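Both ligands and their constituent atoms are indexed starting at 1 by order of listing. In this text, all values refer to a predicted model and were calculated from it rather than measured experimentally.
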Amino acid sequence: MENLKFEEMGLSSQILKAVTDMGFEEATPIQTQAIPFILKGKDIIGQSQTGTGKTASFGIPCLEMIDPDSRKLQAVILCPTRELAIQVSEEFRKLLKFTENIRVLPIYGGQPIDRQIMSLKKGVQVIIGTPGRVMDHMKRRTLKMETVKMVVLDEADEMLDMGFREDIETILKKIPDDRQTIMFSATMPKEILELSNNYLKDPEFVKISRKELTVPLIEQIYFEVKEKMKLEALTRLIDMHNPRLSLVFCNTKKRVDEITLLLQGRGYFAEAIHGDLKQAQRDKVMSKFRNGTIEILVATDVAARGIDVDDIDIVFNYDLPQDEEYYVHRIGRTGRAGRTGKAFTFCVGREVNRLKDIMKYTNSTITKQKLPSLSDVEQSKADLFLKNVQDIIEEGKLTKYLKMIDSLADEYYIADIAAALLKIVLGDAEKKEEAVVTDEYSPDDEFIEMNRGKFVTVHINAGKKKGIRAKDIVGAFSGESGIPGSMIGEIDIFDTYILADIPAEYLKDLFKGMKDKRIKGTKIKLKIADEEK
Ligand code: ADP
Ligand code: MG
């Protein structure tokens with residue numbers, strides 16, 4: 001089944017505009033199947049893995065169903081945890097960007113209940129909450145279920161695992177029978193089916209099955225990165241591997257445009273391709289890509305379907321794809337016609353779990369690698385350059401240049417001349433390295449020079465609450481950066497941060513040594529305390 005376009009779903013113009021604004025190019029498989037049923041008012045059970053877009057699958061039809069003229073509660077979304085409740089309500093807010101008069105409120109434990117009661121009194125049509133807190137409000141009669149037309153159990157399997165079954169049943173019993181009931185889950189244990197037998201009416205079962213997928217022989221590698229390091233990671237890998245043609249995949253059109261601009265800003269020959277481009281523009285981009293005027297094509301999954309280029313060296317999954325099938329399609333763009341190809345995937349935080357699913361279903365191994373450091377990149381550039389030099393020497397035809405060198409050769413060693421030339425040519429890379437190192441994590445030379453002989457106060461991003469004590473700081477600092485424990489000055493421990501006095505001379509080693517390190521399990525970030533940031 002082809003994925004639907006959101007335009008084909010008969011959505012209101014406000015929601016459609018929001019979906020476009022969110023950069024969604026087409027519905028994901030679960031959305032394609034679930035949204036039409038929910039819009040028709042049917043009960044459904046939807047099953048698909050994490051990250052496949054289940055929130056919008058119920059969010060879009062739920063918001064379409066709300067009557068904005070009534071201030072009464074109309075939909076209840078139950079989520080297993082407070083984090084998920086917040087996430088879902090953020091997605092709802094985005095969907096409501098162009099809609100007026102629909103109010104959505106997340107309610108979960110840990111937030112003062114009085115505040116929630118005040119917000120509820122203002123009239124909220126949709127609540128997104130954890131079962132426990134929703135029950136609390138029901139008991140207090142601050143939530144009245146009589147007017148509710150739709151209930152969604154999001155991540156139902158997880159809610160059951162967390163022991164919410166009884167609460168869920170109590171809530172469902174309090175909601176009028178003529179409601180629409182929707183259940184989404186990544187897995188379908190027996191208990192879920194029992195729930196659905198008891199509380200859903202003639203439900204439609206929508207399952208995105210995980211097909212057996214095979215991937216061609218491609219070197220598959222992933223890198224664990226932070227979201228804000230992705231661009232740096234991408235450019236390092238491109239610089240390191242020097243691909244002639246590469247394809248960078250993002251999940252939305254918006255991202256594609258953003259990344260393309262950023263790459264262009266850094267001097268790469270990159271262009272975007274996505275569904276908003278007219279056919280003529282697309283053809284133009286593609287022909288530039290084929291003849292090598294563009295080296296990097298940034299694309300959405302949809303747009304990439306039309307791409308027919310054989311010799312792509314590297315496919316980057318800048319965003320982890322929403323579906324295993326997408327992954328296979330994406331990486332299948334390289335390694336064609338017997339060539340060797342590489343697929344590099346960026347993975348943020350818990351996305352690693354989805355990557356494991358991809359490995360399982362494609363029956364292939366994606367190997368973790370560390371991102372090349374700036375000096376690796378420089379080394380590889382230098383190697384490439386020297387290889388080039390060798391080739392040119394072998395080729396000969398250097399008379400003209402030998403004559404130019406002659407005039408210098410009287411005065412200087414040939415090796416020095418060669419080194420100076422190399423410095424001119426590769427100098428750019430060195431400057432770039434310094435710049436990045438300073439603004440990323442290290443106080444610059446000027447700052448250190450200014451404070452030479454003095455102590456500088458360093459701010460550490462965690463403190464007493466994380467169980468960190470002075471001796472942990474001394475241990476970590478001396479262990480990771482070689483600064484002698486006796487050289488560390490006063491250490492002041494506060495609840496959420498720590499200030500430590502460090503001789504300026506040791507700052508560079510300290511910042512370098514502590515980068516990405518943990519103390520008592522907490523990832524440590526250092527900054528100069530009185531520096532305004
Ligand atoms: P799930 O609930 O299945 O784990 P989410 O609903 O949290 O997945 O969606 C995962 C991510 O995918 C979110 O960032 C969401 O904004 C994005 N997303 C959802 N639908 C689409 C779509 N049609 N196109 C692109 N991105 C989408
Ligand atoms: Mg979800």
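Using a 4.0 Å cut-off between a side-chain N of Lys or Arg and a carboxylate O of Asp or Glu, Lys149 and Glu64 do not qualify as a salt bridge. Salt-bridge check for Lys72 with Asp67: failed, with every basic side-chain N at 4.0 Å or more from each acidic carboxylate O. The pair Arg255-Glu25 does not count as a salt bridge, with every side-chain nitrogen at least 4.0 angstrom from each carboxylate oxygen. Salt-bridge check for Glu169 with Arg165: passed, with a basic side-chain N closer than 4.0 Å to an acidic carboxylate O. A salt bridge between Arg354 and Asp357 is absent, with no side-chain N of the basic residue lying under 4.0 Å from a carboxylate O of the acidic one.
Note on Glu155: its N/O/S atom closest to the Mg ion (ligand 2) is OE2.
The cationic group of Lys17 lies under 6.0 Å from the six-membered ring centre of Phe98 and within 45° of the ring axis, placing it in a cation-pi geometry.
Compare Thr300, Thr55, Thr28 by their heavy atoms: the one nearest to atom 6 (O) of ligand 1 is in Thr55.
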*Before giving the answer on salt bridge (charged side-chain N to carboxylate O under 4.0 Å, His left out), spell out for Glu166 and Lys173 the whole-Å C-alpha distance, their side-chain angles and the decisive distance to 0.1 Å.*
CA-CA 11 Å; Glu166 219 171 293; Lys173 281 177 192 147; over 6 Å; no
*Could you please spell out the steps behind the side chain to side chain contact (heavy atoms under 4.5 Å, CB included) verdict for Ile366 and Leu355?*
CA-CA 8 Å; Ile366 310 175; Leu355 201 71; 4.1 Å; yes
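Ligand-side atoms of ligand 1 in range of Phe6: 23 (N), range being under 4.0 angstrom from any heavy atom. Which parts of ligand 1 touch Thr52 is read off a 4.0 Å heavy-atom cut-off, strictly below it: atoms 1 (P), 3 (O), 8 (O). Ligand 1 places these atoms under 4.0 Å from at least one heavy atom of Asn251: 25 (C). When each atom of ligand 1 is checked for a heavy atom of Glu26 under 4.0 Å away, the hits are 22 (C), 23 (N), 24 (N).
Residue, atom and distance of the protein heavy atom nearest to atom 15 (C) of ligand 1 are Glu91 OE2, 3.4 Å. Of the protein's non-hydrogen atoms, the one nearest atom 25 (C) of ligand 1 is Phe24 CD2, 3.5 Å. Among all protein heavy atoms, the one lying closest to atom 4 (O) of ligand 1 is Gly51 N, 2.5 Å. Protein heavy atom closest to atom 11 (C) of ligand 1, with residue, atom name and distance, is Gln322 NE2, 3.6 Å. The nearest protein atom to atom 8 (O) of ligand 1, hydrogens excluded, is given as Gly53 N, 3.2 Å; this is a heavy-atom distance. Given atom 20 (N) of ligand 1, the protein heavy atom at minimum distance is Gln31 NE2, 2.8 Å.
No N or O atom of Glu155 sits closer than 3.5 Å to an N or O atom of ligand 1.
A donor-acceptor contact closer than 3.5 angstrom is absent between the side chains of Tyr222 and Glu351.
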